[in-house]
Amino acid sequence: MTTMARTSTGLAYPDRFYAAASYAGLDGSLNSNNNDVSSRFSNEVALILYALYQQATIGPCDVPKPSSWNPAEQSKWKSWQQLGNMATTEAMRLFVKILEEEDPGWYSRASNFVLEPTIDVQMNTITAENGSLVQTQDKDVISEGLGSVVIYDTWISPPITGQNPKARYQHGAAVLQEKMYIYGGNHNGRYLGDLHVLDFRSWTWSKVGTKAVESPSPVNIAPCAGHSLIPWGNKLLSIAGHMKDPSETIQVKAFDLQTGTWSMLNTYGKPPVSRGGQSVNLVGTTLVIFGGQGANRTLLNDLYILDLETMTWDEIDVAGVAPSPRSDHAAAVHAERYLLVFGGSSHATFFNDLHVLDLQTMEWSKPAQLGELPTPRAGHAGVTIGENWFIAGGGDNKSGASKTIVLNMSSFVWSVVTSVEGTVPLASEGLSLVVGSLKGDDILVSFGGYNGRYNSEVNILNPSCKLNLQSNITEAPSAVHNVTNTTRDLRSEFEIGQGKIREIVMDNVDSKPTISECEKTNERIIATLKVEKQELESSLSEEKLQSLQLKQQLLEAETRNAELYKVLMS
């Protein structure tokens with residue numbers, strides 16, 4: 001059953017930008033005064049706001065340079081020209097960011113004449129296994145369609161067509177060619193072997209028909225759960241997993257998307273023992289397999305590498321203190337060099353520890369975790385976007401983990417993205433998490449899980465653009481401190497420069513030369529100084545722009561320094 005509700009939300013882009021421009025007096029509307037910008041803000045801030053407004057509404061500067069006889073217009077032109085090919089969306093967000101820095105209360109005052117949009121929100125009601133109606137949590141869907149979703153850092157349920165796969169957990173999920181493939185899993189203790197695909201372009205489910213490879217000895221592809229699904233070329237690789245009749249060693253199966261056939265891949269070397277609940281990560285052309293639970297319920301913490309070009313197994317001897325044996329943990333790769341392992345469980349203990357393996361030196365370490373430390377959990381899922389490792393779901397057999405968290409993999413700082421309430425799929429064990437795309441934005445896509453009942457729901461979350469900045473700010477406080485000081489120094493320099501100009505002008509005006517011709521000379525000096533003042537203001541505004549653009553570069557430099565420090569310590 002579906003019900004419709006009306007809700008009010010804060011202004012999203014581009015509406016927030018236009019509200020800010022109107023408030024600043026740059027939109028040319030009847031409610032605004034174009035003189036507000038210069039009177040309300042300092043000259044360099046006014047120039048930057050003007051340039052960003054032009055960039056956001058017109059695009060890159062392609063107008064001729066104004067005459068040098070008009071220094072004010074020339075300063076505005078220089079500020080706009082300095083932005084180069086900055087994207088419209090970036091200019092909008094930077095405009096609002098600067099306005100918020102200069103006037104933190106602008107939005108509350110602007111809201112007196114800015115109408116916030118009211119959107120249609122679709123509330124989904126599902127029928128639980130006991131027949132009762134349960135209203136899903138955090139399922140805001142804008143009625144205009146998924147393309148209109150502008151909600152950040154909140155899990156929502158997108159409108160999906162087609163037949164949903166059977167509810168399940170401990171399945172495998174992978175994205176290939178803008179489609180999410182779901183394979184296998186567990187439902188009521190029964191292993192599954194079906195393959196389904198969700199097209200991110202149409203948000204439609206369909207079942208993938210499979211056929212056996214024609215060969216003298218038929219290939220038996222047994223249903224499984226607790227396996228890992230990895231995209232490789234035009235194939236999906238299914239590695240390991242629990243099966244009804246387990247093999248002695250790990251099996252590597254491949255599904256060819258072109259032929260629609262499953263095959264068992266032959267491997268060489270000494271393969272690992274069969275298992276499920278392991279982590280498998282693709283690093284270059286190799287798979288890194290860690291831990292899991294063997295067929296005899298033995299917990300493992302061994303490390304194997306499978307070279308996908310030679311299909312050869314290699315057991316790795318590592319230095320340092322390895323994580324304790326565990327399964328149902330999460331693992332991620334950072335900078336193609338570091339393997340991060342978080343959480344998981346033994347037979348009686350749930351973990352929230354973080355371990356890092358340097359894949360060059362093959363040495364384990366246990367870094368100090370900062371920020372809001374996550375609760376112990378197992379059965380969670382994680383994906384990476386840039387330096388951020390997003391983790392959702394999991395639990396400790398008592399309750400599901402309600403918080404979606406993110407780790408900055410350079411600074412090891414945890415943050416909370418959002419939280420859900422109640423028994424909902426996002427607080428499930430054995431769910432899957434992949435990275436999809438929506439209108440050019442990276443989004444998190446979850447499916448399935450078990451939290452007292454088996455789920456087959458799809459939920460998406462669009463991480464806000466500010467999240468990377470917040471993580472980097474926490475990661476490199478010294479860099480931000482330096483940037484802040486730089487900005488303050490620029491402002492101080494500008495103020496000092498204005499003071500010096502005023503002092504020089506006043507000195508020349510107040511002086512009483514004995515020769516009358518000096519008066520004309522003084523007037524020329526004053527006129528020259530005014531022009532120089534305009535040029536100085538323009539130069540300072542350019543420096544302010546450059547300092548803003550250098551923020552990210554400084555943060556990235558701090559990240560590289562941290563990595564070099566790790567190398568030095570090793």
Side-chain angles (χ1 to χ4, degrees), residues 226 228 239-240 250 269-284 286-294 296-306 313-382 384 387 389 391 394 396 401 405-414 475 559 561-570:
S228 302
I239 297 94
I250 281 183
K270 182 183 177 181
V273 297
S274 63
R275 65 192 69 194
Q278 71 292 318
S279 61
V280 179
N281 296 89
L282 181 65
V283 184
T286 63
L287 295 179
V288 181
I289 294 91
F290 170 77
Q293 180 176 282
N296 57 0
R297 300 192 73 244
T298 301
L299 291 168
L300 306 166
N301 66 343
D302 50 354
L303 185 78
Y304 279 82
I305 288 181
L306 176 63
W313 287 104
D314 188 10
E315 182 176 10
I316 305 301
D317 293 327
V318 294
V321 180
S324 58
R326 64 189 65 199
S327 66
D328 297 328
H329 52 278
V333 174
H334 175 49
E336 292 293 303
R337 174 171 177 175
Y338 300 101
L339 177 72
L340 286 74
V341 174
F342 168 73
S345 68
S346 63
H347 295 309
T349 305
F350 289 82
F351 305 111
N352 65 343
D353 50 354
L354 177 67
H355 299 263
V356 178
L357 174 67
D358 189 326
L359 295 173
Q360 290 186 8
T361 63
M362 288 300 172
E363 182 176 3
W364 285 105
S365 61
K366 190 176 180 181
Q369 303 180 65
L370 304 175
E372 184 174 340
L373 298 185
T375 57
R377 68 192 67 195
H380 46 290
T384 61
E387 290 191 328
W389 185 16
I391 292 177
D396 57 4
I405 54 179
V406 59
L407 175 72
N408 183 286
M409 293 184 288
S410 294
S411 62
F412 308 120
V413 176
W414 289 102
E475 165 198 349
T559 300
N561 289 339
E563 293 174 352
L564 291 172
Y565 178 77
K566 292 178 184 179
V567 174
L568 180 62
M569 293 302 294
S570 65

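As the structure is a computational prediction, the values presented were derived from the model and not from experiment. Residues take their numbers from the sequence shown, with the count starting at 1.
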Is any side-chain heavy atom of [X] closer than 4.5 Å to a side-chain heavy atom of [Y]?
X: I250; Y: P272; result: yes
X: L354; Y: L407; result: yes
X: P374; Y: Q369; result: yes
X: F351; Y: R326; result: yes
X: T298; Y: V273; result: no
X: Y338; Y: V333; result: no

Between atom [atom1] of [X] and atom [atom2] of [Y], what is the distance when rounded to the nearest 0.5 Å?
X: K270; Y: E315; atom1: NZ; atom2: CD; answer: 5.5 Å
X: H347; Y: R297; atom1: NE2; atom2: CZ; answer: 4.5 Å
X: D317; Y: D302; atom1: CG; atom2: CG; answer: 11.0 Å
X: L303; Y: I316; atom1: CG; atom2: CD1; answer: 6.0 Å

For residues [X] and [Y], report the shortest heavy-atom separation together with the two atoms involved.
X: V280; Y: S228; answer: CG2-OG, 3.4 Å
X: N301; Y: P323; answer: ND2-O, 3.0 Å
X: F350; Y: S345; answer: CD2-CB, 3.7 Å
X: H355; Y: V321; answer: ND1-O, 4.4 Å
X: G320; Y: E363; answer: N-CG, 4.1 Å
X: G226; Y: Q278; answer: O-NE2, 3.3 Å

message = Could you go through F412 and V356, starting from their C-alpha distance and side-chain angles, then the distance that decides it, and tell me whether this counts as side chain to side chain contact (heavy atoms under 4.5 Å, CB included)?
response = CA-CA 10 Å; F412 308 120; V356 178; 3.9 Å; yes
message = Let's go through T384 and H334 carefully: what are the C-alpha distance in whole Å and the side-chain angles of both, what is the deciding distance for side chain to side chain contact (heavy atoms under 4.5 Å, CB included) to 0.1 Å, and is it a yes or a no?
response = CA-CA 9 Å; T384 61; H334 175 49; over 6 Å; no
Is a donor on one side and an acceptor on the other found under 3.5 Å between the side chain of [X] and the backbone of [Y]?
X: R275; Y: G291; answer: yes
X: T349; Y: S346; answer: no
X: R377; Y: T375; answer: yes

message = Once you measure the plane-to-plane angle for W414 and F342, does it fall in the parallel (<30°), tilted (30-60°) or perpendicular (>60°) bin?
response = tilted
inquiry  = Go through it in stages, so that I can follow the logic: the residues are W313 and I305, the test is side chain to side chain contact (heavy atoms under 4.5 Å, CB included), and I'd like the CA-CA distance, side-chain angles, deciding distance and then a yes or no.
reply    = CA-CA 6 Å; W313 287 104; I305 288 181; over 6 Å; no
ask   = Is it the case that S279 and H329 place a side-chain donor and acceptor less than 3.5 Å from each other?
value = yes
